[in-house]
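Just so it is clear, the model here is predicted, and its values are computed rather than measured. Because only heavy atoms are used, hydrogens play no part in the values below, and waters and symmetry mates are left out as well, while side chains stay in.
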Amino acid sequence: MNYLWDLLILAVGATVGSFLNVVALRYGTGKSPLVGRSFCPACNTKLSAIDLIPVLSFIFLRGRCRSCRAKISWQYPLVEILTAVIFLFLFKSPLALIVWCLLIVIMIYDWRHKIIPDSLVLAFGILALAMAILNNLGSDLSLALLWGPLFAAPFFLLWYFSGGKWMGLGDAKLGLGLGWLLGVASIDAFILAFWIGATVSLLIVGWQSWQKDQKKLTIKSEVPFAPFLFAATFLVYFFKLSAFELVNNLFK
């Protein structure tokens, strides 16, 4: 029975992930994610229910639109799987689930548009602050609240002294909520985010060179940082990954 319950939670999570994709794609367009059927962005054909089954439809359609055979972005199944996994971890923690759903939408939006909307990051920050307060009642609450500004400060300084060339102000705003969400573990997330960002950037440069892509990533390219912060936060929050332990293991 436990397996059936887990499968149900995964199915609910994947369905919510499908909705989060719609929220991120329609945010700022004036279109409500609650109104109107989904459609293929290539041919504008409205999708039927069978085309909208999380993950499975992507597999059965082999990643292509049923009508025009245009490629479907991997974003859709990946976000659905990611949300399903997060639901499995946090199904009994509704507030934490909402916080992570907001974080997923922020990650998608920043990846696609290279900007973090103030309204989304404000909502995330308020809920992360509420979590920090609730989780630290009766303990050192002042230190828990301090982690938000501490995590945001380096991003703010990078933005300020570079005039926005090295880092966006949105990353500093996001860092405020992440610091409250992670507490002392935000130190590990900070280090891991830059490691992940550097690794992914090098891989992209290598791939583009191999493919002889004309639109190459360079030192002057604008790279969204929220997805790297998300990845680091995910690893630290759910798997307790420590940057310092990784370094120690490498040099043993």
Approximate separation, where rounding is to 0.5 Å, of [X] [atom1] and [Y] [atom2]:
X: I98; Y: L103; atom1: CD1; atom2: CG; value: 13.5 Å
X: F225; Y: L229; atom1: CZ; atom2: CG; value: 5.0 Å
X: R64; Y: C40; atom1: CZ; atom2: SG; value: 11.5 Å
X: I53; Y: L47; atom1: CD1; atom2: CG; value: 12.0 Å
X: L127; Y: C101; atom1: CG; atom2: SG; value: 11.0 Å

Between [X] and [Y], which heavy-atom pair has the shortest distance, and what is it?
X: Y237; Y: A96; result: OH-CB, 4.1 Å
X: V85; Y: L10; result: N-CD2, 4.3 Å
X: P227; Y: M107; result: CA-CG, 3.7 Å
X: T45; Y: S67; result: CG2-OG, 3.4 Å
X: V55; Y: E80; result: N-OE1, 2.7 Å
X: I108; Y: A24; result: CG2-CB, 3.5 Å

When you look at W5 and F91, which way does the ring pair (Phe, Tyr, Trp, His ring centres under 6.0 Å) test go after all the steps?
CA-CA 11 Å; W5 179 247; F91 191 73; 5.7 Å; yes
Begin from the C-alpha positions of F89 and F239 and carry the test ring pair (Phe, Tyr, Trp, His ring centres under 6.0 Å) through to its verdict.
CA-CA 11 Å; F89 277 116; F239 300 101; 5.7 Å; yes
What about [X] and [Y], same hydrophobic cluster or not, with Ile/Leu/Val/Met/Phe/Trp/Tyr joined at side-chain heavy-atom distances under 4.5 Å?
X: W159; Y: L157; value: yes
X: F19; Y: F58; value: no
X: L102; Y: L78; value: no
X: I115; Y: F124; value: yes
X: L178; Y: I196; value: yes

If you count the non-hydrogen atoms of other residues, nucleotides and ligands that lie under 6.0 Å from OH in Y160, is the total more than 12?
no
For atom CG of L88, is the number of surrounding heavy atoms from other residues, nucleotides or ligands below 6.0 Å larger than 12?
yes
[X] versus [Y]: any side-chain heavy-atom pair under 4.5 Å?
X: L82; Y: F230; result: yes
X: W180; Y: M131; result: no
X: I50; Y: R66; result: yes
X: F228; Y: T199; result: no
X: L52; Y: S57; result: no
X: K173; Y: D118; result: yes
X: F155; Y: L174; result: no

Check against side-chain contact (heavy atoms from CB on, under 4.5 Å), I86 and F238
CA-CA 9 Å; I86 289 175; F238 292 108; 4.1 Å; yes
Between F234 and W100, what is the ring plane arrangement, given parallel below 30°, perpendicular above 60°, and tilted in between?
perpendicular
With distance as the sole test, does [X] use its side chain to make a donor-acceptor pair with the main-chain N or O of [Y] at under 3.5 Å?
X: N21; Y: Y76; answer: yes
X: S93; Y: L95; answer: no
X: R26; Y: S32; answer: yes
X: N136; Y: A132; answer: yes
X: S201; Y: A198; answer: no

Under 3.5 Å, which donor-acceptor pairs do the side chains of residues 181-195 form with other protein atoms, sequence neighbours left out?
| from | atom 1 | to | atom 2 | distance (Å) |
| --- | --- | --- | --- | --- |
| S186 | OG | G183 | O | 2.6 |
| D188 | OD1 | S242 | OG | 3.4 |
| D188 | OD1 | A243 | N | 2.9 |

For a side-chain contact (heavy atoms from CB on, under 4.5 Å) check, start with the C-alpha distance between L145 and L129, then their side-chain angles and the critical distance, and finish with the verdict.
CA-CA 7 Å; L145 299 183; L129 176 59; 3.4 Å; yes
Go through it in stages, so that I can follow the logic: the residues are F151 and L176, the test is side-chain contact (heavy atoms from CB on, under 4.5 Å), and I'd like the CA-CA distance, side-chain angles, deciding distance and then a yes or no.
CA-CA 6 Å; F151 191 57; L176 194 64; over 6 Å; no
Any donor-acceptor N or O pair under 3.5 Å, side chains D51, S48:
yes
side-chain contact (heavy atoms from CB on, under 4.5 Å) evaluation trace for L97 with F87
CA-CA 7 Å; L97 267 180; F87 260 66; 3.6 Å; yes
